[in-house]
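Positions are given from 1, in the same order as the sequence printed here.
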Amino acid sequence: MRTASTKPILAVVAVLGVAGCSSGEQGTAYPVQPAMSSLAQQTKAAALPQRPSDLPIAGTDPCDLLGQAQLDLLKVTSVPRKAAEAKDGPTCVFDSDKTEPFHALHLRIVGADVQEWLTGSRRKNSMTTAATSVEGYPAITNYRAAGTPSDCEVLVGVAQGQTMAAQEFAVTAGAFSQPQLCEIATQAAGLAVQGLKNRT
């Protein structure tokens, strides 16, 4: 038999029990998950998958990473050529310039760890950066979200301190959405990693 003194305690317990759940579909209750702290969210966002093995790329000519079948998949219509000005490592340019919309792919080899673009000295606050994976290797999608989509870069950490970058440029202005540019860059990066695997 409940006494008068126990009723307030039971009421408090009932209120606390309700506060710990939230109603989903009618008749269903589920625990409310506490919000992640901003620091925890940043740590989670910065997490890259483990590299399955090292694919040393130093000394490799990026123009040799894609064969004719891969060039056809990417709709490359001209002979691969070395970039006149290498940004920060050997760079090969693959043009799609026979029929519109025109676009170009740059494959680049960089002597820096892929993590640098996510949390290190190469990170830029003006860029939208997301951790991902390409062919099982840690990778980063990097692009400027503001304005008309012009390019998307996918950086793959093929070995410690060595990164392969696939950057897709829209030559015909306004012809590609940002997701389309990133999709092509991701496809090119995957094909280039496969080419690198075949060389080792």
Side-chain angles (χ1 to χ4, degrees), residues 44-52 55 57 60 62-81 83 87-110 112-119 122-158 162-199:
K44 184 175 180 181
L48 284 169
Q50 291 294 315
R51 187 180 298 108
L55 290 173
I57 199 171
T60 300
C63 288
D64 293 338
L65 291 176
L66 301 177
Q68 190 57 52
Q70 289 74 33
L71 297 179
D72 291 343
L73 282 173
L74 296 168
K75 298 180 171 57
V76 173
T77 55
S78 63
V79 177
R81 57 186 170 83
K87 184 177 178 181
D88 55 0
T91 304
C92 188
V93 180
F94 303 83
D95 294 311
S96 298
D97 56 1
K98 297 299 182 190
T99 57
E100 291 204 49
F102 301 144
H103 54 104
L105 167 71
H106 290 198
L107 277 185
R108 192 169 79 253
I109 295 170
V110 188
D113 198 79
V114 69
Q115 186 75 36
E116 288 297 311
W117 281 268
L118 198 59
T119 58
R122 290 174 179 258
R123 175 170 174 76
K124 295 180 181 177
N125 290 333
S126 61
M127 304 296 284
T128 297
T129 305
T132 184
S133 67
V134 171
E135 294 289 314
Y137 282 79
I140 292 168
T141 302
N142 198 34
Y143 61 90
R144 192 180 306 278
T148 302
S150 60
D151 73 287
C152 182
E153 183 178 46
V154 174
L155 303 125
V156 186
V158 292
Q162 298 177 30
T163 297
M164 185 197 64
Q167 190 168 11
E168 178 68 16
F169 292 91
V171 177
T172 301
F176 297 90
S177 67
Q178 192 65 63
Q180 286 174 323
L181 291 171
C182 289
E183 183 180 353
I184 298 170
T186 301
Q187 181 186 21
L191 293 171
V193 170
Q194 291 173 15
L196 187 58
K197 286 179 179 179
N198 292 336
R199 292 168 59 85

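The minimum heavy-atom distance between Ala145 and Thr128, with the atom names listed, is CB-OG1, 3.4 Å. Cys182 and Val154 make their closest contact through O-CG2, 4.3 Å (heavy atoms, listed as atom of the first residue, atom of the second, distance). In terms of heavy-atom proximity, Pro149 sits nearest to Ala170 at O-CB, 4.3 Å. Here the closest heavy-atom approach between residue Thr60 and residue Arg199 is recorded as CG2-NE, 3.9 Å. Annotation for Ala166 and Leu107: closest pair CB-CD2, 3.7 Å, computed over non-hydrogen atoms.
Listed by chain and number, the residues in a salt bridge (charged side-chain N to carboxylate O under 4.0 Å, His left out) with Arg81 are Asp95 (sequence neighbours excluded).
Within the 4.5 Å cutoff, the side chain of Leu105 has no heavy atoms near those of the Ile184 side chain. Side-chain contact check for Tyr137 versus Leu55: some heavy-atom pair is nearer than 4.5 Å. Inter-residue side-chain proximity for Pro62 and Arg108 is flagged as unmet; no heavy-atom pair is nearer than 4.5 Å. Residues Ile140 and Leu48 form a side-chain contact, since some pair of their non-hydrogen atoms from C-beta on lies under 4.5 Å apart. Phe94 places a side-chain heavy atom less than 4.5 Å from the side chain of Leu66. Annotation: side chain of Leu196 is not in contact with side chain of Met164 (no heavy-atom distance under 4.5 Å). Taking 4.5 Å as the limit, every side-chain heavy atom of Val171 sits out of range of all side-chain heavy atoms of Ser96. With contacts defined as side-chain heavy-atom distances shorter than 4.5 Å, the pair Lys197/Glu135 qualifies.
A donor-acceptor contact shorter than 3.5 Å links the side chain of Thr91 to the backbone of Gly89. Proximity of a side-chain donor or acceptor of Thr163 to a complementary backbone N or O of Ala112 within less than 3.5 Å is detected. Side-chain atoms of Glu116 never come within 3.5 Å of backbone atoms of Asp113 as a donor-acceptor pair (strictly under, hydrogens ignored). In terms of modelled atom types and a separation under 3.5 Å, the side chain of Thr77 and the main chain of Asp97 share a donor-acceptor contact.
Note that CG of Leu191 and OG1 of Thr186 are 11.0 Å apart. Values are rounded to the nearest 0.5 Å. Distance check: Cys152 SG to Met127 CE gives 8.5 Å after rounding to the nearest 0.5 Å. Of the inter-residue distances, the one linking Lys75 atom NZ with Phe102 atom CZ reads 15.0 Å to the nearest 0.5 angstrom. The CD atom of Glu168 lies 9.5 Å from the CD atom of Gln187; values are rounded to the nearest 0.5 Å.
Shown are Gln167, Arg144, His106; of these, the side chain to side chain donor-acceptor pair (under 3.5 Å) with Asp151 is made only by Gln167. Applying side chain to side chain donor-acceptor pair (under 3.5 Å) to Thr119 and the options Gln115, Arg123, Arg122 leaves one that passes, Gln115.
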Quick one: do Asp72 and Gln68 satisfy side chain to side chain donor-acceptor pair (under 3.5 Å)? Show the steps, please. CA-CA 6 Å; Asp72 291 343; Gln68 190 57 52; 2.9 Å; yes
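By the 6.0 Å contact criterion, CD on Glu183 is open, its count of non-hydrogen atoms from other residues, nucleotides or ligands being 12 or less.
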